[in-house]
Amino acid sequence: MSARIPLSEPTFGTEEEELLLQAVRSGYVSSVGPLVGAFEEEFAAAVGSRYAVACSSGTAALHLALLAVGVQPGDDVLVSDLTFIASANPARYCRAEVGLVDAETDTWNLNCAEVVAELHRRARRGVDQPGAIVAVHVLGQPADLAELIDVCHQLGVSLIEDAAEALGASWTSGPLAGRQVGTVGRVGCFSFNGNKVITSGGGGMVVTDEPELARDVRHLATQARLPGVAYRHDQVGYNYRLTNIAAAVGLAQLRRLPELLSARRLVADRYDELLGSEAGVQLPPDLPWAARSSWLYSVLLADPATREAVRLALDAAGVEARPIWPALRTQDPYRDSIVLGGQTALDIAARGLSLPSSAQLRPADQQRTVDVVRSTLARLRG
Ligand SMILES: *Cc1c(COP(=O)(O)O)cnc(C)c1O
C-alpha cells in the first residue's frame with residue numbers, strides 16, 4: 001500500500017528552518033519584528049506593488065481592504081459566486097450586503113460583462129454603486145478584468161482583488177499585459193494559509209499603490225493604536241497583524257516562489273498532457289492571455305454522479321481529491337443574496353474536482369492519480 005497522496009501540502013526546506021530559528025533566537029516573536037517588514041518589502045517588490053501590509057490571514061486582509069476603501073453598513077458588495085466562502089464573509093463583517101456574480105465558462109471567474117452592465121445600469125438610474133467589488137482569481141486563473149477596471153475608474157467603484165489562490169499569476173497580453181494579479185485593483189489580497197502557493201502557517205497580505213490605503217490598513221490591523229506610549233486609539237481596530245515568527249516562514253517561502261511556481265506549473269502541464277486526450281475530462285482554464293499559477297488543478301467531469309464516483313475511487317486508492325466549493329448562493333449565509341447572471345457557477349461546482357496539486361507531487365503519484373480517473377471513467381462507460 002503506497003502512502004496517501006494529499007490534495008496540497010507545503011514544501012519546506014532549510015531556508016524556512018533557518019529564518020524561523022533566526023526569529024526565535026532574536027526574541028522578536030509577535031508583530032513587532034524585523035522579518036515582518038522584510039516580508040512586506042520583498043512581497044511588494046515580487047508582485048510589483050508600492051505597498052504591502054502583512055496580516056494574520058487572507059480573510060483578515062479582505063476585511064481590512066473593505067474597511068479601508070470605505071465599505072459601510074448597508075452598502076452592497078459584489079463578490080464572485082464560485083469561490084471559497086472567505087471571499088464573501090468579510091463583507092458581512094462590515095454589515096454590508098453581498099451580491100453574487102455568476103462565473104463565466106472561459107475562466108471560471110466572475111462574469112465581468114455582467115458586472116459592467118450592472119454598474120452602467122445603476123449609473124443610468126442614479127442608484128448607489130456597490131461599496132466594493134471583490135473579484136476572485138479562482139484556482140489561480142486570472143480574471144478578465146481590463147474592461148471592468150476602466151468602468152470602475154469611471155464610476156468611482158473600488159475593485160478589490162482576492163488573489164488568495166493566485167500568487168504569481170499574471171496577464172500576458174491585452175491592456176494588463178505584464179501585471180501580476182493583486183496589483184491592478186485598488187487593493188489586492190493574498191493568503192498564506194497552509195495549502196496556498198506559499199505559506200506562513202497562516203497569514204495574509206494586503207497590497208496597494210495608494211499610500212493612504214496602506215496606512216489605513218496598517219492602522220486598523222494594529223488596534224487603531226496611535227503612536228506613543230499612551231495606549232490611545234482613534235477607532236475600533238483589529239488585532240490582525242502577522243507575527244514575526246510567521247513572517248520568518250513566509251519570507252523564506254517567498255524567496256523560493258519562482259521554484260515553487262515552476263514546480264506547480266510542471267504538475268499542471270503534466271496533468272494537461274495525461275488527461276488532455278481523455279474524452280470524459282474537461283481541463284481547467286489556461287487562457288492564451290494569462291499565465292495561471294496552477295493552485296489546485298481542477299477538472300470538470302460529465303455530471304455530478306461521475307464526479308462523485310471518481311472522487312470515491314480516488315479516495316479508495318489513497319488519493320485525496322475534493323469537489324470544487326459549492327457556489328456561495330447555495331451556502332446557508334448567502335441563500336438570500338441576489339445573483340447577477342445565470343447558472344454557470346452551479347454547473348462548475350457540481351462537476352468540478354480538484355486533484356492533488358502539491359509542488360512536490362511526484363510524477364509516479366500523479367500517474368497513479370490519472371490512472372484511477374481513467375479506469376473509473378472506463379468502468380462507468382461500461
Ligand atoms: C484561502 C482563501 C481565502 C482566505 O484566506 P485565509 O488565509 O485562509 O483566511 C480567501 N479567499 C480565497 C479565494 C481563498 O482561497
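Start at 1 and go down the list; that is how both ligands and their atoms are numbered. Start at 1 with the first residue, then count along the sequence. Keep in mind that this is a model prediction, so the values were computed, not measured.
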So which heavy atom in the protein is nearest [atom], and how far is it from that ligand atom?
| atom | result |
| --- | --- |
| atom 15 (O) of ligand 1 | Glu165 OE2, 2.5 Å |
| atom 5 (O) of ligand 1 | Ser191 OG, 3.2 Å |
| atom 11 (N) of ligand 1 | Asp162 OD2, 2.7 Å |
| atom 8 (O) of ligand 1 | Asn193 ND2, 3.4 Å |

With heavy-atom distances below 4.0 Å as the criterion, list the atoms of ligand 1 near [X].
| X | value |
| --- | --- |
| Thr83 | 13 (C) |
| Gly203 | 7 (O) |
| Ser87 | 11 (N), 12 (C), 13 (C) |
| Ala86 | 3 (C), 4 (C), 10 (C) |
| Val136 | 13 (C) |

- Would Thr183 and Gln180 count as having a side-chain donor-acceptor pair, cut-off 3.5 Å?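 There is no such pair (donor and acceptor under 3.5 Å, judged by atom type) between the side chains of Thr183 and Gln180.
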- Within a strict 4.5 Å, meaning less than it, do heavy atoms of the Ser293 and Val181 side chains meet?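 Heavy-atom side-chain distance check fails, nothing below 4.5 Å.
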- Query: Counting only heavy atoms not in Arg335, do more than 12 fall under 6.0 Å of its CZ?
  - Reply: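 Check passes, neighbour count above 12.
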State plainly whether the residues [X] and [Y] are in salt-bridge range, i.e. N to O under 4.0 Å.
| X | Y | result |
| --- | --- | --- |
| Arg322 | Asp315 | no |
| Glu165 | Arg264 | no |
| Glu278 | Arg381 | yes |
| Glu212 | Arg215 | no |
| Arg186 | Asp216 | no |
| Glu308 | Arg311 | yes |

- Query: Hey, is Thr59 touching ligand 1 through its side chain, its backbone, both or neither, going by heavy atoms under 4.0 Å?
  - Reply: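 Contact part for Thr59 vs ligand 1: both backbone and side chain.
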- Message: Is the contact between Ser57 and ligand 1 made by the side chain, the backbone, both, or neither, using heavy atoms and a 4.0 Å cut-off?
- Response: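 It is both backbone and side chain that touch ligand 1.
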- Check whether any N or O atom of Gly58, backbone or side chain, sits under 3.5 Å from an N or O atom of ligand 1, and answer yes or no.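 Such a contact does occur with ligand 1.
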Strictly under 4.0 Å, does any heavy atom of [X] approach an atom of ligand 1?
| X | result |
| --- | --- |
| Gly204 | no |
| Lys196 | yes |
| Cys189 | no |

- Task: Please work out which of the three classes, parallel, tilted or perpendicular, describes the rings of Phe192 and Phe43, given edges at 30° and 60°.
- Result: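 Phe43 and Phe192: perpendicular rings.
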